[in-house]
Amino acid sequence: MCGIIGYIGKNNALKVITDGLKQLEYRGYDSAGIAIKNNNEIKIFKSVGKIKELEKKIDYTIQSDIGIGHTRWATHGSVNITNSHPHKVGSITLVHNGIIENYEQLKQELIKKNYQLKSDTDTEIACGYIDYLYQKDKNIITTLNKIKDIFKGSYAFAILVDNDNYLYATRKDSPLIIAKGENENYLASDVPAILKYTNQYYLLDNYEIAILEKDNIKILKDNKEIKKELLTFNYNIETSLKNGYDHFMLKEINEQDKLVESLINIYLQDKKTLLNKMPDFKKYNQIHIVACGSAYHAGLVGKYLIEKYANTKVYVEVASEYRYNKLFFDKKTLVIIISQSGETADSLASLRIAKENKIDTLAIVNVYGSSIAREASKTLYINAGCEIAVATTKAYTLQLLMLSFIALAMGIQKELIDDSSFEDIKKYYTKLPQLMHNEIKRDLKNIAKNIYKKNNIFFIGRGIDYALSLEGSLKLKEISYIHSEAYPAGELKHGTISLIEKNTPVIAIVTDENIYEKTISNIKEVASRGAYVILIISKHLDKDGDFYNEKIVIENTNSLINSLTAIIPLQLLAYNIALLKGCDIDKPRNLAKSVTVE
Ligand code: G6P
């Protein structure tokens, strides 16, 4: 989604901001722009498409020590230069993340005041409205304090005001950090934009206003200056670099075994360590897992694990539905929100609904200090480091691992897993990183070659394997643009099997021994209709047969963690297929890494 960077300081603002925008490219965008002040005059550069198009339009000999930049992911108004940010109306120049929901009403007010608006965006209206208030107030802080009662929706603004030399920022429900350097300061929608320069930052909270000079940062709340904790971002810069890989996605797939090993070392030293890190689950008799995209798919795997190992009912729902559903909470409900970014608007809204109903919440999050991480009753961090590729891999895998820890801890607390079973299970976790490593190194190029020209690819599985199928199918369609559907293997014959014709690829996942025979029957049904079957099967279930064309045999571990090895061939297949198709793997069209609007 849209990205923001602002800079004030000793270096060339145009260069620093362009560089920051490049670091934000991964969020997904379709146009970009920069505004700087030069001799007290605002200069704006904008372009549609990639940052390299913007660079062609910029004269880097222009000296400036202050400016703002933006990558836009269109919501209101199509992708064109007029709609892209920054917008300038009157004395105000700004960039915006979020959506101003009451923009139509504000627009009518501005039209009555003779404001000439050029774009189709809510942002230009916000800019105009801030200018309108500022012309009356003659004090930008007074104005920014007023907008919280006027603007509905969400916003993070970085603002330049004519005739002064400060950088201003404020936010509501859209993240913004203020970062501190040496004789230079920054603001950004997320950390990778500034990680190259500094790792010291303040988290701006809703309605706070930041005023940045090159050697000073002032943060105001309700018009009073407040002291905030200076935080240190402890991600290694390496995690945001490609390190010789062709794509971030491939790099992130390759990081998974080591990251899994580190999280196992933190959580599973012994039973006591695990239990100390977890909430007391005994008091809950039902769990709602709420998330979006791949995090939702992780939740579906979590449901199988928690129900199996902790005998506790789990409901899993996508957050954009959950937040508007009639919800049946009771005091023994725990709501688990899963989110890599910790900022997904629907997931955050669902968390807040649970809190308003006085329901305990647990967040599984990657980004430290994100809104979901801070607002949940308890947060478990997955420690994936920066994930840059839009299509998540390592964060999803670590979410599965964390859900397995939760199932294990809950099972122990509910006295369903005794000490000796725990020790047995632990041994499987010890073997897991090596098994994942073997999968990461598996060469799937030939299988990818056989299917990359197809228009439809189906994924089937039952139970936990169906949950994995959904993620495999999502990965494929996200980055290769091949139409794909995942189906519970037994449901296929109720309609979708009509789409199977000679050589239609069907990727079948079989890791669950309890329903092995049933899934194999379903695979035979598609094979006999000519499907090109790629079977992904656990070693202990592998038998020869004539019902598949390709076979990927996965070393068996334990049902708590089998999914962590089984998902890797699905990630690699999607990657190799997208590579053969020449797709923009790390930045697929229309997608955003962090979806901060509804
Ligand atoms: C976007 C991303 C997905 C992600 C989903 C949820 O759609 O492209 O990869 O799974 O948002 O994001 P979250 O940050 O809440 O996990």
Side-chain angles (χ1 to χ4, degrees), residues 1-3 24-29 73 75 97 173-175 189-192 248-249 252-253 289-302 316-323 335-352 361-376 379-403 467-468 470-481 567 570-571 574-575 578 583-598:
M1 290 253 121
C2 307
L24 289 173
E25 281 191 288
Y26 77 97
R27 290 170 66 94
Y29 70 105
W73 189 85
T75 55
N97 282 4
D173 290 347
S174 197
S189 50
D190 61 349
V191 173
F248 278 109
M249 184 179 179
E252 288 159 4
I253 290 172
I289 298 183
V290 187
C292 301
S294 296
Y296 164 72
H297 293 161
L300 291 173
V301 172
V316 191
E317 186 112 41
V318 288
S320 54
E321 291 294 316
Y322 186 83
R323 63 184 292 190
V335 172
I336 300 181
I337 306 284
I338 309 176
S339 175
Q340 186 283 129
S341 62
E343 300 293 351
T344 302
D346 287 316
S347 306
L348 180 58
S350 301
L351 171 81
R352 288 179 179 162
T361 54
L362 172 66
I364 301 177
V365 172
N366 187 36
V367 177
Y368 276 77
S370 55
S371 303
I372 292 173
R374 285 188 295 151
E375 292 187 26
T379 296
L380 301 171
Y381 285 105
I382 58 170
N383 294 351
C386 282
E387 191 178 61
I388 304 288
V390 167
T392 176
T393 52
K394 61 177 179 173
Y396 167 83
T397 306
L398 289 159
Q399 286 161 359
L400 296 188
L401 183 64
M402 188 57 82
L403 285 158
L468 284 176
L470 284 165
E471 178 59 8
S473 169
L474 179 66
K475 278 303 78 110
L476 181 74
K477 66 185 139 206
E478 275 182 309
I479 61 167
S480 77
Y481 314 141
I567 193 62
L570 299 179
Q571 297 170 339
Y575 175 81
C583 298
D584 190 354
I585 293 181
D586 287 336
K587 297 183 280 282
R589 69 180 176 214
N590 302 341
L591 296 183
K593 180 75 186 157
S594 173
V595 181
T596 47
V597 295
E598 265 196 64

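Atoms within a ligand are numbered from 1 in the order they appear, just like the ligands themselves. Bear in mind the structure is a predicted one, so any value in this text is a computation, not a measurement.
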Value rounded to 0.5 Å, distance of CG in Leu474 from CG in Leu570: 11.5 Å
Contacts of Glu321 that satisfy salt bridge (Lys or Arg N to Asp or Glu O under 4.0 Å) - sequence neighbours left out: none
ring-ring contact (aromatic ring centres under 6.0 Å, His included) partners for Tyr575, two or more places apart: His247
Asp190: which of Asn97, Leu24, Val367 passes side chain to side chain contact (heavy atoms under 4.5 Å, CB included): Leu24
Residue list, side chain to side chain donor-acceptor pair (under 3.5 Å) with Glu471, at least two apart or on another chain: Ser294, His297, Lys475
Glu375 and Arg352 ion-paired at < 4.0 Å: yes
One pair per line, please: each N/O atom of ligand 1 matched with every protein N/O atom under 3.5 Å away, atom names first, then the distance to 0.1 Å.
{"from": "ligand 1", "atom 1": "8 (O)", "to": "Ala592", "atom 2": "O", "distance (Å)": "3.0"}
{"from": "ligand 1", "atom 1": "9 (O)", "to": "Val390", "atom 2": "O", "distance (Å)": "3.4"}
{"from": "ligand 1", "atom 1": "10 (O)", "to": "Ser294", "atom 2": "N", "distance (Å)": "3.0"}
{"from": "ligand 1", "atom 1": "12 (O)", "to": "Thr344", "atom 2": "OG1", "distance (Å)": "3.3"}
{"from": "ligand 1", "atom 1": "14 (O)", "to": "Ser339", "atom 2": "OG", "distance (Å)": "3.4"}
{"from": "ligand 1", "atom 1": "14 (O)", "to": "Gln340", "atom 2": "N", "distance (Å)": "3.4"}
{"from": "ligand 1", "atom 1": "14 (O)", "to": "Ser341", "atom 2": "N", "distance (Å)": "2.8"}
{"from": "ligand 1", "atom 1": "14 (O)", "to": "Ser341", "atom 2": "OG", "distance (Å)": "2.6"}
{"from": "ligand 1", "atom 1": "14 (O)", "to": "Thr344", "atom 2": "OG1", "distance (Å)": "3.3"}
{"from": "ligand 1", "atom 1": "15 (O)", "to": "Ser339", "atom 2": "OG", "distance (Å)": "2.6"}
{"from": "ligand 1", "atom 1": "15 (O)", "to": "Thr344", "atom 2": "OG1", "distance (Å)": "2.4"}
{"from": "ligand 1", "atom 1": "16 (O)", "to": "Gln340", "atom 2": "N", "distance (Å)": "2.7"}

